[in-house]
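In what follows, every heavy atom counts, from backbone to side chain, and hydrogens, waters and symmetry copies are set aside. Below, read A as the first sequence line, B as the second, and so on, with proteins coming before strands; counting in each chain starts at 1.
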Number of protein chains: 2
Amino acid sequence: MNVATIQDVAKAAGVSAMTVSNVINDHPNVRKATREKVLQAMARLDYRVNVAARNLRKGRTGTIGLAVPEVNSPYYGRLAAAIIAAAERHGLRVSIEQTGALRENELEALSMSRNRLYDGLILSTVGMGQADAEWLKVDYPVVILGERIFGGPVDHVAMPNIDASQAATRHLIERGCRRVAILCGAVEEVDVSTLRHTGYRLALESAGLSVDPDLVQCLDTLTMHAGARRAREMAHSGLDFDGVFCVTDTVAMGVLRGLADASVRVPEQVKVIGFDNVDESEFLVPSLSTIDPDHDTMAERAVGLLAGRIDRAEPRGDRQEFVSRFSVVVRESTGG
Amino acid sequence: MNVATIQDVAKAAGVSAMTVSNVINDHPNVRKATREKVLQAMARLDYRVNVAARNLRKGRTGTIGLAVPEVNSPYYGRLAAAIIAAAERHGLRVSIEQTGALRENELEALSMSRNRLYDGLILSTVGMGQADAEWLKVDYPVVILGERIFGGPVDHVAMPNIDASQAATRHLIERGCRRVAILCGAVEEVDVSTLRHTGYRLALESAGLSVDPDLVQCLDTLTMHAGARRAREMAHSGLDFDGVFCVTDTVAMGVLRGLADASVRVPEQVKVIGFDNVDESEFLVPSLSTIDPDHDTMAERAVGLLAGRIDRAEPRGDRQEFVSRFSVVVRESTGG
DNA sequence: TTGTAGGCGTTATCAT
DNA sequence: ATGATAACGCCTACAA
């Protein structure tokens, strides 16, 4: 036999479909006795609402999309977890799209939502750049999570990249480092690497230290692997450095490993600080000093912003921007 | 103006809605010229299919549910990533439910699908036990991923828990350990801890070593935190042990940290092996020996099994079971 | 307080 | 090769 519909329940309870619907949706105008009858019939037939039908009728899906490079990374995993939890609080489900940090896939995620598969989209832009801002002019709610696309027309939840990086670098300097390297990605677009590199420079400059180009180490990918490899190369090349600011904890984990391979002692010879305060960082040996950007608040704000747009269909004008707070977490890798 | 529907496109192209639908779905019986006309009209009106309507009509959503304890863990994150990728290959989207390893939420996930929100469900059972097998008798496709619910009526993708744990423990013994501890969760239900504990015992027994109850260390939760704490306690209590088999890499990461805190050298004084081959394990200091359970194959099989049930509405009789291969990955923590 | 009618956008079926 | 018709199951109006 087929699954029970609202009609079946109505028949079984001796009422109209509308009354059943009213019971389901907790509408006020239903007599207690009627409600009971209906509830019993529902239980008896093991009735379940057909979400597809409801979606069609309502023009909503109750699901938001989350596009991130990959969930399998300490950082995006943490973020995804927080977003799923926040979405649940708002009565929304989350469907995840993995973009692999590729521009193409990020744009694809934007157009997927145009199928009205999702009520809205939270997009972590990594591959997209300045030039793609036009793509963000879509007619459904989008929140960008991560780096700013300057002048983009959509809501934005960001980290205090420059300030926090400056603080991280300053921390190294305060701990006595004079030759501080930075490990980042390509410094071109407005992105994590560029912004955090800016913070790094500011810190050096305000400490009266010069910025040695040799100490700016750009990686192709921000992975543990790349970090480890580069750290080994730096150590073996004889480059003079006594501190490393890694633009992500993931890179920093690699760096710690690479320095260990090269028998460089942390923090005695070189101090290391990361960015993200990933769960693992506390348990590394040595434990990793880092920047905590308050993931949970960011997630809550991103979902809140999106949910607001969805519910109230807010006008486009008042584009919102939220920048999280941060704190420096001092651990063993900087002698803490 | 409102979004374009199939009707609008039909009108604009001077054909019927059915023809447009046929074009969209690549049906064969459409003349080339007609197809062109329709495609142009679609482009002109910026037409997007309404997924909700299609779902209602087809009785499918094109989305599967994935219920895991939390995506924010190296292991489940890795798994989720692999499953999302596999699902994409099968033309399916993935919506993630976080259960927090709670029985209640796992059962909830099972009943969510009954809303026909998802075409099927991949469920990582952690909190559910033997006694809950009845709940699995649902009328839509479910694949259990993880430990076996003995006699459960649904498809199952599992790790070779016993064999792999035996191999891990044997590896420690071969490296000279004589007092091998195990760090696991409660050993009661048929679950990771119990199965892996069995493998542990088997290895000890076939090596002619006695099983010292003091060396069986049960944790409340399988977290880094719990692992680190217990390792410190073990070291400080003066317990005699020279090897530790951790039932998950996450626990092992904690253990490495805890032993470092207690100034116990790994692998010289104590050797450590984990289970899962999480991305991070290669980069820890010391790098972590572990069991690689071939996540990608497991994910592919789980999704494949589910997709098969969804497509072919296979009968219940032929319950499938797949057990992945495994390999021992030897690294520094066991002197590799 | 409850019921009736109609349509959300799509596609399966059956004609033509 | 194309089109007319009728659902899929629910809910917003309005009527009773």
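- Among the heavy atoms of the strands lying under 4.0 Å from A:Asn25 are primed sugar atoms or P, OP1, OP2 only; no base atom is included.
- As a whole-Å value, the separation of B:Arg54 CZ from C:dA12 P is 10 Å.
- Rounded to an integer number of Å, the gap from B:Met42 CE to C:dG9 C1' is 14 Å.
- The nucleotide whose nearest atom lies closest to any side-chain atom of B:Gln7 is, among C:dT4, C:dT11, C:dT10, C:dT10.
- For the OP1/OP2 pair of C:dT1 and a distance below 4.0 Å, the side-chain nitrogens and oxygens of A:Thr34 include no atom meeting the criterion.
- Using a 4.0 Å heavy-atom criterion, one finds that A:Asn29 contacts the bases of the nucleic acid, with or without backbone contacts as well.
- One atom, NE2 of A:His27, and another, P of D:dA13, lie 11 Å apart when rounded to the nearest Å.
- Between A:Asn50 atom CG and C:dG9 atom P the separation is 17 Å, expressed in whole Å.
- Residue A:Leu56 is classed as a base contact, given a heavy-atom separation below 4.0 Å to a base.
- Where B:Arg116 and B:Val30 meet DNA chain D, the nucleotide closest to each residue was compared, and B:Val30 sits on the side nearer the 5' end.
- One can find a donor-acceptor pair under 3.5 Å joining the base of C:dT11 and the side-chain atoms of B:Arg57.
- D:dG9 atom P lies 14 Å from atom CG of A:Leu45, rounded to whole Å.
- When each of A:Gln320, A:Arg319, A:Arg301, A:Arg309 is paired with A:Asp155, the side-chain hydrogen bond (donor to acceptor under 3.5 Å, both in side chains) condition holds for A:Arg309 and for no other.
- Rounded to an integer number of Å, the gap from A:Asp26 CG to D:dC11 C1' is 15 Å.
- Atom CD1 of B:Ile6 and atom C1' of C:dC8 are 13 Å apart (whole Å).
- The backbone N or O of B:Val71 lies less than 3.5 Å from a partner atom in the side chain of B:Gln98, making a donor-acceptor pair.
- Between A:Leu123 and the choices A:Val68, A:Leu110, A:Leu145, the side-chain contact (heavy atoms from CB on, under 4.5 Å) rule is met once, by A:Leu110.
- Counting to the nearest Å, the P atom of D:dG9 and the CZ atom of A:Arg60 are 24 Å from each other.
- When distances are taken from the side chain of A:Arg31 to each of D:dC11, C:dT2, D:dA4, the shortest belongs to C:dT2.
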